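Naming convention: chains lettered A, B, ... in sequence-line order (proteins, then strands); numbering from 1 in each chain. Because the structure is a prediction, the values reported are computed rather than measured.
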2 protein chains.
Amino acid sequence: MKEILHRSDCPIGYSLDYLGDKWVLLILRDLIFTNKSSYGDFLASDEKIATNILADRLKLLEANGFIKSTVSAEKKNKFIYSLTEKGIDLIPVIIELMIWGSKYDSHDVKDVVKKLEKDKEGTIKQLRDKLSARINSDVPSGE
Amino acid sequence: MKEILHRSDCPIGYSLDYLGDKWVLLILRDLIFTNKSSYGDFLASDEKIATNILADRLKLLEANGFIKSTVSAEKKNKFIYSLTEKGIDLIPVIIELMIWGSKYDSHDVKDVVKKLEKDKEGTIKQLRDKLSARINSDVPSGE
DNA sequence: TAAATTTGCTTGCTATTTGCAAGTAAACAA
DNA sequence: TTGTTTACTTGCAAATAGCAAGCAAATTTA
């Protein structure tokens, strides 16, 4: 795994050295907002990530402590990825990307995001709690 | 200028189609948090962006309405870049990247960010007001 | 007023990264 | 025991990034 070299000592630059990429935050989005948790799940997302890029990013995210993987309880050839606290802490970043995107994407149905925006802190706490629960249980549970 | 093709109709994906890159948000950071406003200013930032990449990203940001450029009043061979409202609306995204980066970057001096975090909304409003004032004045003013 | 400098790029070349298609391997199901 | 599911890896072509040099208009300096 290629080590991340930081280009400066700016905290924004530090974050972008990990997240400044077209794919990483989409994988984290899937983990935060959907029940997707496996390689095949992420592969099936609308953006159509290439198999080698997905494998690479999952390695990178795990090597850098954003996610962890466990063998599925039912199928031993299936891996379940879940967020660590470090990954969960990115919820506010992704929420703000969603709010901005929703404002400027003419195609977006804005009602859901508007509701979220009205209680941003509550929404973040809800997501945080749901995902924190998964940290110590091997199997992600549904809604 | 190459047009941005959106990979899905997710608002997060929409944002990342513009911002999912190691450089774009660093240029916007300079415009938001420092008094940098010219090609040469951005070039001098710690991350050492290449000249062709900087030129490309400035074009892209202007073509997509994040920034606008005006000829400097004093020097006619100098361009002054400033944020549009669309760009200013990215302040919350960048703030969250800074908060996350500050939490996980062991080298970061966290005091400034801790203070910011205590009054996030106030800080955003302050920045917003300062930058909004620049939209209708050709010359960015100092602190 | 001529030469040097500042400013904002562009160009050419090489190296790295991405993206697509195909292949592999372990676990599992029929 | 054969086919399928799952999670990758590999090979190759295309796109992007990065480095060094070059260029041109405006401005300053001699």
Side-chain angles (χ1 to χ4, degrees), chain A residues 1-8 13 16-27 30-31 35-63 67-82 139-140, chain B residues 1-8 13 16-27 30-31 35-63 67-82 139-140:
Chain A
M1 173 78 345
K2 215 192 66 179
E3 209 190 330
I4 298 276
L5 293 174
H6 295 290
R7 292 166 290 173
S8 66
L16 290 173
D17 288 337
Y18 296 108
L19 311 170
D21 161 72
K22 292 222 177 301
W23 297 111
V24 165
L25 285 168
L26 291 179
I27 296 170
D30 283 351
L31 284 165
N35 284 317
K36 297 183 179 189
S37 63
S38 67
Y39 180 92
D41 288 341
F42 305 135
L43 206 61
S45 286
D46 283 348
E47 290 85 6
K48 303 289 165 226
I49 188 170
T51 57
N52 54 342
I53 305 294
L54 176 55
D56 177 83
R57 296 303 189 275
L58 287 172
K59 260 184 212 161
L60 186 143
L61 283 170
E62 187 164 17
I67 62 175
K68 67 185 171 65
S69 67
T70 53
V71 177
S72 162
E74 313 93 56
K75 296 187 174 186
K76 280 170 191 165
N77 65 336
K78 190 173 181 176
F79 295 98
I80 301 295
Y81 293 96
S82 58
V139 186
Chain B
M1 173 77 344
K2 216 191 66 179
E3 209 190 330
I4 299 277
L5 293 174
H6 294 290
R7 293 166 291 174
S8 67
L16 291 172
D17 289 336
Y18 296 107
L19 311 171
D21 159 73
K22 292 222 177 300
W23 297 110
V24 165
L25 285 168
L26 290 180
I27 296 170
D30 283 350
L31 283 166
N35 283 318
K36 295 183 179 188
S37 63
S38 68
Y39 181 92
D41 288 342
F42 305 135
L43 205 64
S45 286
D46 284 348
E47 290 85 6
K48 303 287 164 226
I49 189 170
T51 57
N52 55 341
I53 305 295
L54 175 55
D56 177 82
R57 296 304 188 275
L58 287 173
K59 262 184 212 160
L60 185 143
L61 284 170
E62 188 165 16
I67 61 175
K68 67 185 171 64
S69 67
T70 53
V71 176
S72 164
E74 313 93 54
K75 296 188 175 187
K76 280 169 190 165
N77 65 336
K78 191 175 181 176
F79 294 97
I80 301 296
Y81 293 95
S82 59
V139 186

Peer 1: How about Phe79(A) and Thr70(A): do any of their side-chain heavy atoms sit closer than 4.5 Å?
Peer 2: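 In short, these two side chains do not touch, never coming nearer than 4.5 Å.
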
Peer 1: Which part of the nucleic acid does Lys48(B) contact within heavy-atom distance under 4.0 Å: base, sugar-phosphate only, or nothing?
Peer 2: nothing

Peer 1: Is Tyr81(A) near enough to dA7(D) that one of its side-chain N or O atoms lies under 4.0 angstrom from OP1 or OP2?
Peer 2: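 For dA7(D), OP1/OP2 do not have a side-chain N/O of Tyr81(A) under 4.0 Å.
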
Peer 1: With a 4.5 Å limit on heavy-atom distance, are the side chains of Leu16(B) and Glu47(A) in contact?
Peer 2: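 In short, these two side chains do not touch, never coming nearer than 4.5 Å.
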
Peer 1: Measure CG/Leu60(A) against P/dT18(C) and give the value in whole Å, please.
Peer 2: 10 Å

Peer 1: Could you check which of dT10(D), dG12(C), dT5(D) has an atom nearest any side-chain atom of Asn52(A)?
Peer 2: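 Nearest to the side chain of Asn52(A) among the choices is dT10(D).
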
Peer 1: Below the 4.0 Å mark, does dT16(D) have OP1 or OP2 next to a side-chain nitrogen or oxygen of Lys2(B)?
Peer 2: yes

Peer 1: With side chains defined as the heavy atoms from C-beta onward, is the minimum distance between Asp17(B) and Arg7(B) less than 4.5 Å?
Peer 2: yes

Peer 1: Respond yes when some side-chain nitrogen or oxygen of Trp23(B) is under 4.0 Å from OP1 or OP2 of dG18(D), and no when none is.
Peer 2: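 Trp23(B) to dG18(D) OP1/OP2: side-chain N or O found under 4.0 Å.
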
Peer 1: Take the protein atom CD1 of Ile27(B) and the nucleotide atom C1' of dG8(C), then report the distance between them rounded to whole Å.
Peer 2: 14 Å

Peer 1: Which nucleotide sits closest to the side chain of Ala55(B): dT7(C), dC9(C), dA17(D)?
Peer 2: dC9(C)

Peer 1: Whole angstrom is fine here: how far is it from CG in Leu26(B) over to P in dG18(D)?
Peer 2: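 From Leu26(B) CG to dG18(D) P: 12 Å.
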
Peer 1: Decide yes or no for Ile53(A) and Trp23(A): does some side-chain heavy atom of the first lie under 4.5 Å from some side-chain heavy atom of the second?
Peer 2: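 Yes, close enough: below the 4.5 Å cut-off.
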
Peer 1: Please report the distance, rounded to the nearest Å, between CD1 in Ile49(B) and C1' in dA17(D).
Peer 2: 10 Å

Peer 1: What's the closest nucleotide to the Thr51(A) side chain, out of dA7(D), dG8(C), dA22(C)?
Peer 2: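 Nearest to the side chain of Thr51(A) among the choices is dA22(C).
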
Peer 1: By nearest nucleotide on DNA chain C, pick out whichever of Gly40(B) and Ala50(A) is the more 5' one.
Peer 2: Gly40(B)

Peer 1: Got Arg57(B) and Asp21(B) here, is their nearest side-chain heavy-atom distance under 4.5 Å?
Peer 2: yes

Peer 1: I want to verify a distance call: between dT5(D), dA7(D), dA25(D), whose nearest atom is closest to the Asn77(B) side chain?
Peer 2: dA25(D)

Peer 1: Tyr18(B) vs His6(B) aromatic rings, parallel, tilted or perpendicular, using cut-offs 30° and 60°?
Peer 2: perpendicular

Peer 1: State which of dG18(D), dT7(C), dG8(C) makes the closest approach to the side chain of Ile53(B).
Peer 2: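 The closest nucleotide is dG18(D).
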
Peer 1: Could you tell me how far apart Leu54(A) (CG) and dC8(D) (P) are, to the nearest whole angstrom?
Peer 2: 8 Å

Peer 1: What is the separation between atom CG on Leu43(B) and atom P on dT6(C), rounded to the nearest whole Å?
Peer 2: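 The distance from CG of Leu43(B) to P of dT6(C) comes to 15 Å, rounded to the nearest Å.
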
Peer 1: Can you check whether Lys75(A) has a side-chain N or O nearer than 4.0 Å to OP1 or OP2 of dT6(D)?
Peer 2: yes

Peer 1: Would you kindly give the CD-to-P distance between Glu3(A) and dT16(C), to the nearest whole Å?
Peer 2: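 Nearest whole value for this atom pair: 17 Å.
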
Peer 1: Measure from NZ on Lys78(B) to P on dT28(D) and round the result to the nearest Å.
Peer 2: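 In whole Å, dT28(D) P lies 11 Å from Lys78(B) NZ.
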
Peer 1: Consider the side chain of Lys76(A), meaning its heavy atoms from C-beta on, and name the nucleotide among dC28(C), dG18(D), dT9(D) that approaches it most closely.
Peer 2: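 It is dC28(C).
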
Peer 1: Between Tyr39(A) and Asp21(B), which is nearer to the 5' end of DNA chain D once each is assigned its nearest nucleotide?
Peer 2: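 First, find each residue's nearest nucleotide; the 5'-ward one identifies Tyr39(A).
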
Peer 1: Between Arg7(A) and dG18(D), is there a contact of a side-chain N or O with OP1 or OP2 at under 4.0 Å?
Peer 2: no

